Visitor: 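Can you read through this structure? Questions will come right after.
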Amino acid sequence: MKISIIYHSESGNTREVAEIIKDGCLKVEKVEVKTMSIDEFEPEFINSSQTIILGSPTYSGDISWQLKSFLDQNKKIDYKGKLGAVFATENFIGGGADNALLTMISHLLVKGMLVYSAGAAAGHPYTHFGVVCIQAGSESQKERAAIFGRRIAQKTVELFK
Ligand SMILES: Cc1cc2nc3c(=O)[nH]c(=O)nc-3n(C[C@H](O)[C@H](O)[C@H](O)COP(=O)(O)O)c2cc1C
């Protein structure tokens, strides 16, 4: 099973969270994971992945324009039928990361993906729409990000085995 974690990051926070989510995914057996920036991504690995996890910094309460441009313009990625999940970073609670998560979820749905967050159904810690970290995350936010990664990987194996 392959999982691609694709993110935009200017100052490194979203990249750091991507790496934490990757570590969480790797707790699940039979899973291969790559983190990739939108500036340096591997279409072959992504297209052979069962799951794509997408991450963005929050810009003006939404996804970054760079990620929006990537999602609108990139034609090399085949999203259809894959499992999708999302995460975002922001500077402060209430900075709009939840809205950024919902924007990414909309893009994934439009592209024909199956969207999953584990949700409240998975119990504590809850991740309603996806993972949010303040900058690169406090210790507890990092722990949530790793648990999120593990849950997405578990669902990947369950769905695509
Ligand atoms: C143009 C711009 C707009 C931003 N807008 C917001 C915002 O609306 N809310 C917020 O909490 N943080 C905002 N931030 C802060 C970033 O979301 C935050 O620092 C993020 O973790 C940066 O991610 P990166 O280090 O991966 O680039 C903004 C940053 C920039 C550069």
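Just so you know, ligand 1 is whichever comes first in the structure, and atom 1 is the first atom listed for that ligand. Sequential numbering from 1 along the given sequence is applied to the chain's residues. Everything numeric here is computed off the predicted structure, so don't read it as measured data.
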Visitor: For atom 22 (C) of ligand 1, grab the closest protein heavy atom and report residue, atom and distance to one decimal in Å.
Guide: Pro57 CB, 3.6 Å

Visitor: In terms of residue, atom name and distance, what is the protein heavy atom nearest to atom 12 (N) of ligand 1?
Guide: Asn91 N, 3.3 Å

Visitor: Which residue supplies the protein heavy atom nearest to atom 25 (O) of ligand 1, what is that atom called, and how far is it?
Guide: Ser11 OG, 2.5 Å

Visitor: Would you call Phe70 and Ile63 a side-chain contact if the rule is heavy atoms closer than 4.5 Å?
Guide: no

Visitor: So is Gly95 polar-close to ligand 1, meaning N/O to N/O under 3.5 Å?
Guide: yes

Visitor: Can an N or O of Thr89 be found at a distance shorter than 3.5 Å from an N or O of ligand 1?
Guide: yes

Visitor: Within this structure, what is the OH-CD1 distance for the pair Tyr7 and Ile38, rounded to the nearest 0.5 Å?
Guide: 10.0 Å

Visitor: Which of the numbered atoms in ligand 1 are below 4.0 angstrom from a heavy atom of Thr14?
Guide: 23 (O), 24 (P), 26 (O)

Visitor: Would you check whether Gly96 has a nitrogen or oxygen atom less than 3.5 angstrom from a nitrogen or oxygen atom of ligand 1?
Guide: no

Visitor: For Gly61, counting its heavy atoms only, list the atoms of ligand 1 lying under 4.0 Å from any of them.
Guide: 7 (C), 8 (O)

Visitor: Heavy atoms only: give me the nearest Gly137-Lys142 pair and the separation to one decimal.
Guide: O-NZ, 3.3 Å

Visitor: Checking a contact table here: which protein heavy atom is nearest atom 5 (N) of ligand 1, and how many Å away?
Guide: Ser60 N, 3.0 Å

Visitor: Table please: side-chain donor-acceptor pairs of residues 123-135 below 3.5 Å, with sequence neighbours left out.
Guide:
from	atom 1	to	atom 2	distance (Å)
Thr127	OG1	Ser117	O	2.8
Gln135	NE2	Asn91	OD1	2.9

Visitor: Could you identify the single nearest non-hydrogen protein atom to atom 31 (C) of ligand 1 and state the distance to 0.1 Å?
Guide: Tyr59 CE1, 3.6 Å

Visitor: Among all protein heavy atoms, pick out the one at the shortest distance from atom 14 (N) of ligand 1; state its residue, atom name and that distance to 0.1 Å.
Guide: Thr58 O, 3.1 Å

Visitor: CE/Met1 to CD/Glu32 distance, rounded to the nearest 0.5 angstrom?
Guide: 11.5 Å

Visitor: For ligand 1, is there an N or O atom under 3.5 Å from any N or O atom of Gln135?
Guide: no

Visitor: Taking Lys2's backbone N and O only, do any of them form a donor-acceptor pair with Lys34's side chain (distance below 3.5 Å, no angle check)?
Guide: no

Visitor: Write down the atom of His8, the atom of Tyr59, and the distance for their closest heavy-atom approach.
Guide: CE1-OH, 3.7 Å

Visitor: If you define the side chain from C-beta out and look only at heavy atoms, does anything of Ile3 sit under 4.5 Å from Ser49?
Guide: no

Visitor: Under 4.0 Å from a heavy atom of Phe92: which atoms of ligand 1 are those, numbered in the order shown and with their elements?
Guide: 10 (C), 11 (O)

Visitor: Are Thr51 and Val31 close enough, and set up right, to give a side-chain contact (heavy atoms from CB on, under 4.5 Å), and what steps lead you there?
Guide: CA-CA 11 Å; Thr51 294; Val31 167; over 6 Å; no

Visitor: Considering only heavy atoms of Glu10, which atoms of ligand 1 have at least one such atom less than 4.0 Å away?
Guide: 24 (P), 26 (O), 27 (O)

